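Residue numbers start at 1 and run along the sequence shown. Read the numbers this way: they start at 1 and go in the same order the structure lists the ligands and their atoms. Small disclaimer: the values here were computed from a predicted structure and weren't measured.
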Amino acid sequence: MNILIIGSGGREHAFAWKIKQSPLCNSLFIAPGNTGTALFGTNLSIAIADFENLAAAALENKIDLILVGPEEPLVKGITDFFKNNELTKHIQIIGPSKQAAKLEGSKAFAKDFMTRHKIPTAKYKEFTINDFDAGIKYLDEHIYPVVLKADGLAAGKGVIICNTVLEARAEFELMLVRSKFGEAGKKVVVEDFLEGIELSVFVLTDGVDYVLLPEAKDYKKIGKGDTGLNTGGMGAVSPVPILTEELKQKIINQIVEPTINGLQKDALNYKGFVFIGLMINKNEPMVIEYNCRMGDPETEVVLPRLKNDMVELLVATSNKTLKKQIIETDVRSAVAIVAVSGGYPGDFKKNIIINGLDSYHLPDSFLFHAGTLQKENEIVTNGGRVLVAVSFGENIKEAAEHSDYLLQQIRFEDMLYRDDIGFEFV
Ligand code: AMP
Ligand code: GLY
């Protein structure tokens, strides 16, 4: 079959690499893709939310299946767009409907979903400008820290952890009165702060049944030892040593199954990945957030560990036959380390030449491209997160050392990466 992947990050390079291994994949296209995805298929220069042109390209290239990588097209309704169009409705599309994608697109929607389906999550209240005074009173009486969340998508910046009431009042006003996050912040979720260890689980569902993919832990902070500003993710590990069989069963019983059953009860049309961000405290899991897609850089450690044929899984998702699929996992550890442009997550330069990409690579290491661009004979930087080195090892320490070694071969001006990914497990 002919397959189209939508997106252009390390996640999409990892998907392209994995999908191209399947004997079921004939031609592979990626829109818009990056230098890495071009090694496995044809990049199409179409923006991720340009539905009209994506549909035209899908028809022209006789696409049978579309995998949507990032959240933006899903939250904007790409699945409904294809399904509601006579010419494109035959195309299998992996990604939830617009209404179901609200699990990521609206924090208030997700909190309401979890409350109604009795899925453990932090206590919360939502406010708009109309109940501003009630919100201030709520903040005044709250225990600190407290977490303020812009309801809508805010490019990963909409969550603010406030340590004092002064800070919380200021942020609350910035969001509701001064439109700090535009439309996304017109509603604010105020949530209890959860302590513990974060863990991400990944579920692939056909709307009725599901399979659990390998879990991962993401390292969001820019600095060593989890310090400094939040980023899209500076690295990831899989498996995560805190996930015992007992905890896994609890997560399945208390969170995964109620989530899938909840989708059905609410008649939410969902064929795709559910990324569940958890906080584990004293062996008790609580949901921090849902995402309606795979994580980045989590995908880059999850897919190498997944032994199944990816296309077979995606087709089973589309055909509602996931029940018959059994997930097989590589027992080794995988560690991803992200090389970023100097200045990220703030301002950074682009178009910087990357050297060393053809250096000797270890046999169980991969280099996924995130923000890269082919310019004549050079590959240059084209984003904050530039490259993702992923390696297998007998344990996290060994895998991390191999990924670090891989990045030591690569150079670009002001390149930066964390050499302590997985530090708490070594
Ligand atoms: P999100 O944008 O929902 O992924 O949140 C970003 C990050 O904020 C999460 O990965 C957590 O590290 C942190 N966070 C969000 N909600 C809470 C919470 N209730 N308690 C503690 N940390 C949180
Ligand atoms: N790495 C976090 C995310 O993909 O949302």
Side-chain angles (χ1 to χ4, degrees), residues 7-12 14-15 68-72 74-75 101 103-111 114 120-126 142-163 168 171 175 181 184-185 188-202 213 215-222 226-238 240 273-281 284-303 336-338 340 345 368 370 384-385 388 418 421:
S8 64
R11 168 181 52 211
E12 286 73 25
F15 268 123
V68 188
E71 64 278 13
E72 187 194 329
L74 293 166
V75 171
L103 280 183
E104 174 163 4
S106 164
K107 306 266 187 209
F109 180 91
K111 294 299 282 190
M114 287 185 263
T121 187
K123 196 163 94 355
Y124 81 107
K125 266 204 152 77
E126 58 184 74
H142 207 281
I143 297 167
Y144 281 77
V146 72
V147 185
L148 264 53
K149 298 185 171 183
D151 179 52
L153 291 184
K157 298 195 168 85
V159 174
I160 315 236
I161 296 172
C162 303
N163 289 308
E171 284 296 341
M175 287 196 209
F181 297 112
V188 176
V189 166
V190 180
E191 183 174 286
D192 287 3
F193 178 78
L194 298 174
E195 282 190 71
I197 303 176
E198 281 186 59
L199 169 75
S200 299
V201 299
F202 301 96
L213 304 177
E215 78 283 3
K217 182 176 190 298
D218 176 24
Y219 292 76
K220 287 205 170 72
K221 301 281 183 192
I222 186 79
D226 288 340
T227 53
L229 296 174
N230 258 336
T231 70
M234 296 295 289
V237 304
S238 178
V240 186
F273 296 96
V274 193
F275 160 169
I276 313 178
L278 300 170
M279 188 69 88
I280 313 295
N281 191 339
E284 292 301 326
M286 281 190 138
V287 177
I288 298 179
E289 61 165 351
Y290 287 113
N291 293 308
C292 59
R293 49 163 177 98
M294 284 297 288
D296 193 353
E298 293 92 328
T299 304
E300 291 92 305
V301 288
V302 170
L303 294 189
I337 307 181
V338 184
V340 304
F368 293 122
R385 294 192 288 177
V388 187
R418 275 182 62 176
I421 299 301

I'd like to check whether [X] has a polar contact with ligand 2, where a contact means an N/O of the residue lying under 3.5 Å from an N/O of the ligand.
{"X": "Glu298", "answer": "yes"}
{"X": "Phe275", "answer": "no"}
{"X": "Lys220", "answer": "no"}

Q: Look at ligand 2 and say whether Gly233 reaches it with a heavy atom at a distance under 4.0 Å.
A: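 No, Gly233 has no heavy atoms under 4.0 Å from ligand 2.
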**Q.** Any protein heavy atom < 4.0 Å from atom 9 (C) of ligand 1
**A.**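 Answer yes: something from the protein, a heavy atom, is under 4.0 Å.
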Q | ligand 1-proximal atoms of Val147, by part, heavy-atom distance under 4.0 Å | A |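 Side chain only.
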Q) What do we get for Lys220 next to ligand 1 when only non-hydrogen atoms under 4.0 Å count, side chain, backbone, both or neither? A)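 Contact part for Lys220 vs ligand 1: side chain (C-beta onward).
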Q) In this structure, are over 12 heavy atoms from other groups packed under 6.0 Å from Lys125 atom NZ? A)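 No.
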Q: Evaluate the side-chain proximity of Ile160 to Phe181: yes if any heavy-atom separation is below 4.5 Å, no if none is.
A: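 Side chain of Phe181 against side chain of Ile160, heavy atoms only: contact under 4.5 Å found.
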(Q) Does any N or O of ligand 1 fall below 3.5 Å from an N or O anywhere on Asn230, backbone included? (A)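 Checking ligand 1 against Asn230, no N or O pair falls under 3.5 Å apart.
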Q) Starting from atom 5 (O) of ligand 2, which protein heavy atom do you reach first, and at what distance in Å? A)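 Of every protein heavy atom, Arg293 NH2, 2.9 Å lies nearest to atom 5 (O) of ligand 2.
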(Q) One pair to check against salt bridge (Lys or Arg N to Asp or Glu O under 4.0 Å): Asp226 and Arg418. What are the steps and the verdict? (A) CA-CA 10 Å; Asp226 288 340; Arg418 275 182 62 176; 3.0 Å; yes
